[in-house]
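Counting starts at 1 for both ligands and their atoms, in listed order.
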Amino acid sequence: MFDSHHAERFRSIKTPFFYYSLNLLERTLEEVSKHGISKGYHVHYAIKANNNDRILERVKAAGLGIDCVSGKEIEKALSAGFTPEQIAFAGVGKTDEEIQYGLDSDIFSFNCESIQEIEVLNEIAENAGKVANVSVRLNPNVEAKTHKYITTGLNENKFGVNPEKLTILFEKLPALNAINLTGIHFHIGSQITELQPFIDLAKKVNAIQDFFEDHDIQLNHVNVGGGYGINYEQPDGEPIPDFEAFFNVFDKHLKIRDGQQVHFELGRSIVGQCGSLISKVLFIKEGITTNFAVLDAGMTELIRPALYQAAHSVDVLTSSMPEKKYDVVGPICESSDTFRTGIDLPEIKRGDLVAIRSAGAYGQVMSSDFNLRERAKTVYSDEI
Ligand SMILES: *Cc1c(COP(=O)(O)O)cnc(C)c1O
């Protein structure tokens, strides 16, 4: 992704900063469009992955909707020009104010995560004289084969309703006058790189649909969530996830009823690879078995290594010397503030620039000002 032109231009920009390739984002969205939207699928972009204005602008132009997990995200999506009908609102802990805001905005769907939430939504909607479209989030109990912190579809997870509790919901439904149960929703986890969990999900959805039909409930839409992963090891080898294979899983395995819509909520797979965290090397410290490259970026900019033991690929942009072994670390007073340990990189000197790759999703949005650090700036490819 990077050449000498980038290294040259980056030298004049204050580090650390997030760099986004709009060209790669564009090409990624084209694949989503070609293999997903063209099949009639409704694809919502999970705005929590990255909410930068120019990224939202491209996502909107490509015809995607938005998946929100907070009232502020709904506000952001609306101000970015998405229509209320394009907005789904998920989240295990929606406040009354957020629910009210979603109702006032007439959003497409509330993805509800518990029976109590549906009852509260009914009450707030009734008082507002509205009817809320609800998708109930169900736990398909599918093993997502990813990090435990980003597995969400198992029985013992805080997210979603256990399908065994559905009959309780069915009994309550006739009295919930302000609830229009329009769909079912699933999201089994994140950074799922194998297709099998999605095949398992599609089959579970089929069985759950049968169960709804047995209870004479017709659903307008099925939302299978997101979670498709990216290649963190080889961002240049696989800059765009294989969306053809992903959407084909659902095309092949999901049984759709007449007139039923299928919705997706993709975050990481859309924006993950287009972003990099660019940082300057402050110091080199020679250790006994490794060398430490201390960067001016740390867990405050990119918390994924500390939070999920994620390994991001590191490019040294300004050295082509023979390789040496490095631990690449940040400046924060936490031992977990380490990007990589024991990796071979071209010899690094103070002042060299590095790119921490695949930082477009859950990077900048999760940054903090811990240690009173300044927020990293945003730089787009067409600005340099
Ligand atoms: C986070 C989230 C997504 C997006 O997940 P990705 O792994 O980024 O695709 C989709 N749906 C829900 C409900 C989420 O919480």
How does the hydrophobic cluster around Val329 look, that is, which other residues are in it when side-chain heavy atoms under 4.5 Å mark a link?
-> Leu282, Phe283, Phe292, Val294
Are Glu347 and Tyr326 close enough that some pair of their side-chain heavy atoms sits under 4.5 Å apart?
-> yes
Would you call Asn291 and Lys285 a side-chain contact if the rule is heavy atoms closer than 4.5 Å?
-> no
Under 4.0 Å from ligand 1, residues with heavy atoms, in chain and number order, are Ala46, Lys48, Asp67, Ala90, Arg137, His185, His187, Ser190, Gly226, Gly227, Glu265, Leu266, Gly267, Arg268, Tyr362
Identify all side-chain donor-acceptor contacts of residues 173-183 below 3.5 Å with residues at least two apart in sequence or on another chain.
from	atom 1	to	atom 2	distance (Å)
Asn180	ND2	Asn133	OD1	3.1
Thr182	OG1	Val134	O	3.2

Test ring-ring contact (aromatic ring centres under 6.0 Å, His included) applied to Phe212 - qualifying residues, sequence neighbours left out = Phe170
Give a yes or no on whether Glu238 atom CD has more than 12 heavy-atom contacts from other residues, nucleotides or ligands under 6.0 Å away.
-> yes
